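By convention in this document, chain letters (A, B, ...) are assigned in the order of the sequence lines, proteins followed by strands, and residues within each chain are numbered from 1. Values in this document were obtained by computation on a predicted structure and should not be read as measured data. Side-chain atoms are counted along with the backbone in the values below, which use heavy atoms only and exclude waters and symmetry mates.
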Amino acid sequence: MPEGHTIRHLATVHEKWFAGKKVKASSPQGRFALYARQIDDQVMTHASAHGKHLFLHFGKPIVHVHLGLYGWFTLTKATQEQPTGTTRLRLQNDEYTSDLVGPTKCELITEEQMHLITAKLGPDPIHEDADVEQAWNNISKSKKSIASLLMNQAAIAGIGNVYRAELLFRAQMDPMMPGNKMSRDEFDEIWCDARALLRIGAVDGVIKTVNPQYLTNEEKAVGGHAQFSYVYKRTGLPCRICNTKIEQSNVDGRKLYWCPECQI
DNA sequence: TGAGTATGTTCAG
DNA sequence: TGAACCTACTCAT
């Protein structure tokens, strides 16, 4: 589901499947129908991602997608199956089908509008050339907690509620630490870990944060595509490291999970 | 059948 | 700060 790793994964798959070829575009649900007609039978040139925003480039027109909380793509080998009535956008060629359901945003924009969107976002750690100094600047000048700042897309783009909880646990950091009280070393550790974890997650679109040595035998048996966490959604369960019960609280209206023993 | 929940964002008050 | 929005799924009634 949608944090930065998912969007990067989706950009990669769409580019691999559709770039350089004519694409059939339709909007079974109807809300994107007018725009779908404009890109129908056009060639997708490439796909790109910044944070949680996906851009599918059809020459000048660009499809801008933000999945929001529960939007998703169903990616399949070319199918004759009818899309569900809620499918906002279907992209298809002879080999592949991409169905988009429930996005917060699906619109046709210009390159200029795309730049306006990305200009409002902080550096995306998954990008090779991401500006770490800009990210440090955004964090270190704020009195807000690091838990709050990591979710702020204008500070750092692409991190969501799962990666936030897991990054803070892995760094053994108090989630309430104000950005302007963090040392550069502490920030660098989180930034580098975010880079690494997002890239690992982007490979197959699954969030992987737990060192296998801390998985139970049952969890190990489940294997590859399963998602496990140190603290996310583990309220009341014992910490994988110290056995203290994981706690849950609310930061900016979102649930935050942490270990009161490890993260001091 | 209906309430609650979900890895998100925006806008009104 | 809280509600609204986009959708599907789980669980209680």
Could you pull out all residues at least two apart from [X] that satisfy side-chain contact (heavy atoms from CB on, under 4.5 Å)?
{"X": "A/A194", "result": "A/P125, A/I159, A/L167"}
{"X": "A/E128", "result": "A/R199"}
{"X": "A/A147", "result": "A/S145, A/R164, A/L168, A/P175, A/M176, A/V251, A/L256"}

Going by the rule ring-ring contact (aromatic ring centres under 6.0 Å, His included), which residues pair with [X] if we only count those two or more places apart in sequence or in a different chain?
{"X": "A/H14", "result": "A/F18, A/F73"}
{"X": "A/H115", "result": "none"}
{"X": "A/F58", "result": "none"}

Any protein N or O atoms within reach of nucleotides 9-13 of chain B? Criterion: under 3.5 Å, listing atom names and distances.
unit_1: B/dT9; atom_1: OP1; unit_2: A/H66; atom_2: NE2; d: 3.3

Between [M] and [N] - [atom1] atom distance, rounded Å:
{"N": "B/dG13", "M": "C/dC5", "atom1": "P", "answer": "14 Å"}
{"N": "C/dA3", "M": "B/dA3", "atom1": "P", "answer": "16 Å"}
{"N": "B/dT10", "M": "C/dA8", "atom1": "P", "answer": "23 Å"}
{"N": "B/dG4", "M": "C/dA4", "atom1": "P", "answer": "15 Å"}

Expected rows: protein N/O vs nucleotides 7-10 of chain C N/O, under 3.5 Å:
unit_1: C/dT7; atom_1: OP1; unit_2: A/Q29; atom_2: NE2; d: 2.9
unit_1: C/dA8; atom_1: OP1; unit_2: A/T86; atom_2: OG1; d: 2.8

Next on the checklist: So, using salt bridge (Lys or Arg N to Asp or Glu O under 4.0 Å) as the criterion, who are the partners of A/D131 when residues are at least two apart?
Outcome noted: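 Checked A/D131 against salt bridge (Lys or Arg N to Asp or Glu O under 4.0 Å); zero matches.
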
Checklist entry - Which residues satisfy the salt bridge (Lys or Arg N to Asp or Glu O under 4.0 Å) test with A/R8, sequence neighbours excluded? => result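 None.
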
Gap between atoms [atom1] and [atom2], on [X] and [N] respectively (whole Å):
{"X": "A/H9", "N": "B/dT7", "atom1": "NE2", "atom2": "P", "answer": "20 Å"}
{"X": "A/I207", "N": "B/dG8", "atom1": "CD1", "atom2": "C1'", "answer": "13 Å"}
{"X": "A/H5", "N": "B/dG8", "atom1": "NE2", "atom2": "C1'", "answer": "14 Å"}
{"X": "A/Y257", "N": "B/dT5", "atom1": "OH", "atom2": "P", "answer": "10 Å"}
{"X": "A/L256", "N": "B/dA6", "atom1": "CG", "atom2": "P", "answer": "13 Å"}
{"X": "A/Q227", "N": "B/dT7", "atom1": "CD", "atom2": "C1'", "answer": "8 Å"}
{"X": "A/L168", "N": "B/dT7", "atom1": "CG", "atom2": "P", "answer": "15 Å"}
{"X": "A/N250", "N": "B/dT5", "atom1": "CG", "atom2": "C1'", "answer": "14 Å"}

Checklist entry - In the hydrophobic clustering that connects Ile, Leu, Val, Met, Phe, Trp and Tyr at side-chain heavy-atom distances below 4.5 Å, which members other than A/I117 occupy its cluster, ordered by chain and number? => result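 Once heavy-atom contacts under 4.5 Å are chained together, A/I117 belongs with A/F55, A/I62, A/I109, A/M114.
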
Item to check | A/E95/A/K21 ion pair, N-O < 4.0 Å | outcome: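 Yes, A/E95 and A/K21 are salt-bridged.
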
Item to check | CA sep, side-chain torsions, deciding dist, call: A/L108, A/I39, side chain to side chain contact (heavy atoms under 4.5 Å, CB included) | outcome: CA-CA 9 Å; A/L108 209 57; A/I39 54 167; 3.9 Å; yes

Checklist entry - Are A/F228 and A/V222 side-chain neighbours, meaning at least one heavy-atom pair lies under 4.5 Å? => result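 In contact.
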
Next on the checklist: With a 4.0 Å limit, can you tell me whether A/Y232 has a side-chain N or O closer than that to the phosphate oxygens OP1/OP2 of B/dT7?
Outcome noted: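 So the side chain of A/Y232 is within the cut-off, an N or O lying under 4.0 Å from OP1 or OP2 of B/dT7.
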
Next on the checklist: What residues from residues 110-121 of chain A pass a heavy-atom cutoff of under 4.0 Å to DNA chain C?
Outcome noted: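 None, since no heavy atom is under 4.0 Å.
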
